[in-house]
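As the structure lists them, so they are numbered: ligands from 1, and atoms in each ligand from 1. All heavy atoms count here, side chains included; hydrogens, waters and symmetry mates do not.
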Amino acid sequence: MISTLEIPVHKTTKSRLAQVDMNHLPFGKYISDHMLVADYRDGEWQAPEILPYGDLSMPPAMLALHYGQSVFEGMKAFRMADGNVSIFRLEKHYDRLCKSMERLCMPLLPQELFMEGLKKLVEVDADWVPSQEGSSLYLRPFVFASEERYGVGPSNEYKFIIFTGPVGPYYPQPLRVKVEDHYIRAARGGVGYAKCAGNYGGVLYPTQKAKEAGFDQVLWTDGSPELNIEESGTMNVMFLINNTLVTPPLSDTILDGVTRDSLLTIAQDLGYQVEERSISAFELKEAFEQDILKEAFGVGTAAVTAPIQTIHIKGKDYSVSDYNEQSFCNQLKKRLTAIRTGMEKDVYFWNTIIQK
Ligand code: COI
């Protein structure tokens, strides 16, 4: 696509890059020098600009702060073997943002604004893309209701902002999770499939309670007596049962994860059988008892894959055998990393390349 969108760039005179140790990048700590900002008012999206990252001024009566009309995306850009930078699955993230915005009653963001905005911002802060193995530049586009009003209703004004930040590899200890049989994350007909701010605020309390009880995360269910599994923490979840990869099917209570979609594609191409189907806590228990549950792992943009060691089901712990380099979840992660960094051919056309 030839871009017609000219985005003015106001560069910072005080880069913070030298203060960052690219060998130690906790997730969510560092923010790159610039941000993109575009406003929606008078019924249309206004021209974007790239500015030094900094505070916003906002009225206390700003709608998003009160009624949660706020959505976001989580994406990554990678340093490739040849020094160029790739942004992963721009189109799929744009499509999901549109679905989230529609559900939250927001005016559609033009595709060009999202695509060209991200490309330009990554280009401007290209020096912030780490080259250390497993590291990347996390991209956070988000839209929120910015009108000053406290009457409940869709806002007439919005802000679209993108900021970015370098993040390190994620090598978690295998997780201990609990099948949550009291709280739920999402209900049928609700907003579970949208990447809206409230979905993340709502899981904090049950997660904190689970942590107090000695777990790392909760395994969310649909709240039915069958305890059909939906997600793990803030990630999608997958199970390797015998040689079949099983994951709950997309619905209005499950986020259409980009990593989920990518790993399902890769697993299929590696010759694994893939099943997107309901899986209950009781089926999991039986699979553990028959020793056919080989692996369980969360999948998301931040972690890519997060192995689960123990699942607590109705008062009892069930564990899978240890993970190692050869584990299936690590094989999937390696293949995905190789595609993103240009070590393997991008046969799926997932990468958008920014030339160095
Ligand atoms: C992810 O796992 O990538 C998520 O979506 C969680 C995010 C809020 C950090």
Run the ring-ring contact (aromatic ring centres under 6.0 Å, His included) check on H312 and F215 step by step: do they pass? CA-CA 9 Å; H312 187 83; F215 302 99; 5.0 Å; yes
ring-ring contact (aromatic ring centres under 6.0 Å, His included) between F72 and F144, worked out: CA-CA 9 Å; F72 68 97; F144 58 92; over 10 Å; no
Taking a 3.5 Å cut-off between nitrogen or oxygen atoms, can you list every pair linking ligand 1 to the protein, with distances?
from	atom 1	to	atom 2	distance (Å)
ligand 1	3 (O)	T301	N	3.1
ligand 1	3 (O)	A302	N	2.8
ligand 1	5 (O)	K195	NZ	2.7

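In this structure, OG on S224 lies 10.0 Å from CD1 on I184, to the nearest 0.5 angstrom.
Among K195, R140, R96, the single residue meeting the side chain to side chain donor-acceptor pair (under 3.5 Å) criterion with E73 is R96.
Under the 4.5 Å side-chain contact rule for hydrophobic residues, L51 and F114 do not share a cluster. Following chains of ILVMFWY side-chain contacts shorter than 4.5 Å, one can reach F160 starting from M75, so the two form part of one hydrophobic cluster.
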